[in-house]
Amino acid sequence: MSRLSLTDLYRIAVPGDPQLRPDGAAVAYTVTTADKESDENRSEIWLAAPGAEPRRLTSGPHDLAPRWSPDGRTLAFLRPVDGRPQLHLLPMDGGEPRALTGAAAGPAVWSPDGSRLAFTAPHGEPDLNAPVVADTLEYKADGPGLLRGLRAHVFVVEVATGQRTQLTDGDFHAGPPSWSPDGQQLAFVTSMEEDRDLTPAGAVYVVGLEGAEPKRLTDPGVICAGVWWLGERLVVAGFKGDPTGHTRLFTLEAGGLAEVETGLDRNVMLGHSGYPGAPPVLLGEELLFCARDGGLTHLYGAPGRTKVGGEHNVSGVSVAGARLAYVAATPSSPGDIYLDGERLTDHTLPDLELFPRERRLFTAPDGTPVEGFLLRDPERTGAGPLLLDVHGGPHNAWAPVFDGAHLYHQVLAARGWSVLTLNPRGSDGYGEAFYTAAVGAWGLADADDLLAPIDALVAEGVADPDRLAVTGYSYGGYMACWLSATDGRFKAAVPGGCVTDLTSMSGTSDAGYYLKMFECCGDLAAQSPLPRVAAVTAPTLLLHGERDDRCPVGQAEQWFSALRERGVPARLVRYPGASHLFIIEGRPSHRLDYNERIVAWLEQWVIGSQS
């Protein structure tokens, strides 16, 4: 047995998007790996079944989103052609995949009779050399970048002929569609409000196959974020009032939207990059949904019956008849495929010994309990260096499972460090009051939740008060700047994808207006680290994506410039072409470099300063 090294990044295989075959006998899923030779993230589609070794169905290198036909004889999936994802069909009785669409497409949704596929895709072909004209704030998005007037719309393609029909059109973005049980309509979520960029809104619409004007089904009062036709009823995910609290589930009744009684004061998790979970599904007559409890995302049946709990972090769910498939990470695996609780795959690294994360409960100065996880070599004794790593969001949460994005945690533990990850106020999984406790008070409401546990570990003799460091990404990068500017205990800081000036961010981020109005919603300067930068003494390493439109690179530039002017040791590293999520989805070489630089900087300025 050996310890994890940073190059183990290239050995980690992460399964996702499980799709249970209609007969319930097998699960199709994607496997994503980092390819060193091409410096790309490779994705293939695999098949797992009880009693058999998983087998590869497609050769990749970028195959995604498998979807079974209703009869289980064909698998639709996305494969890029000329750089654009297009729908392909793989016959399960043998033969090669065939391309169905000649233009960009999104994940397929099969019609009930299997004759058509619905999907959303951008409409239009932008001139990349033309001026970019913006009349609203919806002119860019992290990842895609400048949208150049492109709007996502609903399309249907005939399986037999490949004939493609656009069903919606206009100045709005259509969300993923869902078929009505009779196959005659498609439901989707969008906002057609004139000032939707200033007033968050979303409603459920339906459109028929003839492509007539979409019909709105929901009234204001709930901001809809997703819709699914489950059996004969429409299930909607959304927010009551402003989008500042938990995501909830609703059903569309004759009198409007009725909230589903989940029996939990927990946030419904629909599943996004960096945020585990899955859309709701129907298992027989039971509505299943994902919600975060503590640091872990579990699967529940309404109202509040645990279907998948324990040390499992669920990030994909599929049902067929009475059978249930899901993918979940555990303390020893980045994810595995399960069918009715039976594990069908093994994505552990059996030759590696991982340090366990110890669940700890700390107390903030005002008596609020704060959960965290301490990663440390159990054989180490005495006080040693400690790294505080702050999660992003701020409404995300650390989980005690294998973490392939933060490999430096294990490497530092092997070098004698303790790594402390905490879920302070604002974190998800501890109730809505806790979730919203830092709204309008970034840095002000949650800093003590992060500092008090360090004091406790110093008092216990675990942490050396002269060898403390802080890091974090996104909101965690914001907090790394805030804490290094407001508390002098840290000997080094590593903010990644950071925020330093909320005023400038509110006008440059793709989500800036939303953050200003619904998250910070107060004195932006009082919540910004930049006015406090003169107090920073910790040598600071800033890591940032060049094409980050969520937390634009200018945020890191301002901090770097201010530190440099004041003679504080500082380094700015910019990753070409990298968006905000590059530490999860970016080039493998960039992700490896990110991890390596953190370890080197901490060793130089925290350990090196002690020699």
Side-chain angles (χ1 to χ4, degrees), residues 16-19 22 28-30 43 45 58 62-71 74-90 97-125 141 143-144 147 150-170 172-190 202 204-212 214 224-230 234 237 270-273 278-279 281 316 318:
D17 203 3
Q19 299 293 315
Y29 59 100
T30 60
S43 55
I45 297 174
T58 71
H62 305 298
D63 297 337
L64 295 167
R67 300 291 186 268
W68 291 104
S69 62
D71 61 9
T74 306
L75 191 69
F77 65 96
L78 291 176
R79 169 178 287 176
V81 178
D82 296 328
R84 300 176 183 175
Q86 296 187 21
L87 283 173
H88 287 66
L89 299 180
L90 176 67
R98 69 177 176 94
L100 183 64
T101 54
V109 186
W110 286 88
S111 64
D113 65 1
S115 65
R116 302 177 179 92
L117 294 172
F119 57 91
T120 55
H123 169 57
E125 194 70 36
L147 300 180
L150 288 181
R151 298 289 182 262
H153 283 290
V154 178
F155 294 81
V156 167
V157 61
E158 302 284 341
V159 172
T161 65
Q163 181 179 345
R164 182 173 182 260
T165 304
Q166 182 176 341
L167 298 186
T168 64
D169 192 17
F172 61 88
H173 292 282
S178 181
W179 286 96
S180 62
D182 62 6
Q184 297 303 304
Q185 297 184 96
L186 288 156
F188 62 96
V189 167
T190 190
V204 175
Y205 288 79
V206 292
V207 64
L209 297 183
E210 71 283 357
C224 302
V227 62
W228 302 268
W229 232 306
L230 301 181
L234 277 171
L270 303 178
H272 303 287
S273 184
V281 295
S318 180

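If you read the sequence from its start, that first residue is 1, and numbering goes on from there.
- At distances below 3.5 Å, not a single donor-acceptor pair connects side-chain atoms of Trp229 with backbone N or O atoms of Ala187.
- Nearest heavy-atom pair, Pro177 versus Val154, reported as atom, atom and distance to 0.1 Å: CB-CG1, 4.3 Å.
- Panel note: side chain Thr30, backbone Gly16; a donor-acceptor pair is recorded below 3.5 Å.
- For Trp228 against Leu270, the heavy-atom pair with the smallest separation is CH2-CD2, 4.0 Å.
- Leu167 CG to Gln185 CD: the interatomic distance, rounded to the nearest 0.5 Å, is 11.5 Å.
- Using a 4.5 Å heavy-atom cutoff, the side chains of Trp110 and Asp71 are not in contact.
- Contact of the Val109 side chain with the Ser178 side chain is not registered, since no non-hydrogen atoms from C-beta on lie closer than 4.5 Å.
- Across Ser43 and Leu64, no two heavy atoms sit closer than the pair OG-CD2, 3.6 Å.
- Remark: the backbone N or O of Gln19 is paired with a side-chain donor or acceptor of Trp68 at under 3.5 angstrom.
- The side chain to side chain contact (heavy atoms under 4.5 Å, CB included) search around Glu158 returns Arg116, Thr161, Gln163, not counting sequence neighbours.
- The environment of Arg84 atom CZ is sparse: at most 12 non-hydrogen atoms of other residues, nucleotides or ligands sit within 6.0 angstrom.
- Put simply, the side chain of Ser180 never gets that close to the backbone of Leu186: no donor and acceptor are under 3.5 Å apart.
- Taking the six-membered ring where the residue is Trp, Phe172 and His153 present perpendicular rings, their angle passing 60° and hence far from 30°.
- Here the CZ atom belonging to Phe119 is positioned 9.5 Å from the CD atom belonging to Gln86, to the nearest 0.5 angstrom.
- Checking side-chain atoms of Thr74 against main-chain N and O of Leu89 turns up no donor-acceptor pair under 3.5 Å.
- If you take CG on Leu147 and NE2 on His173, they are separated by 5.5 Å, rounding to the nearest 0.5 Å.
- The backbone N or O of Pro176 sits nowhere less than 3.5 Å from a side-chain atom of Thr120 that would complete a donor-acceptor pair.
- Using a distance-only test at 3.5 Å, with no hydrogens or angles considered, no donor-acceptor pair links the side chain of Ser111 to the main chain of Gly183.
- In terms of heavy-atom proximity, Pro97 sits nearest to Arg79 at CG-NH1, 4.3 Å.
- Going from atom OG1 of Thr101 over to atom CG of Leu87 covers 4.5 Å, rounded to the nearest 0.5 Å.
- In terms of heavy atoms, Ala174 sits closest to Thr168 at CB-OG1, 4.3 Å.
- Closest approach of Ala76 to Leu117, counting heavy atoms only: CB-CD1, 4.3 Å.
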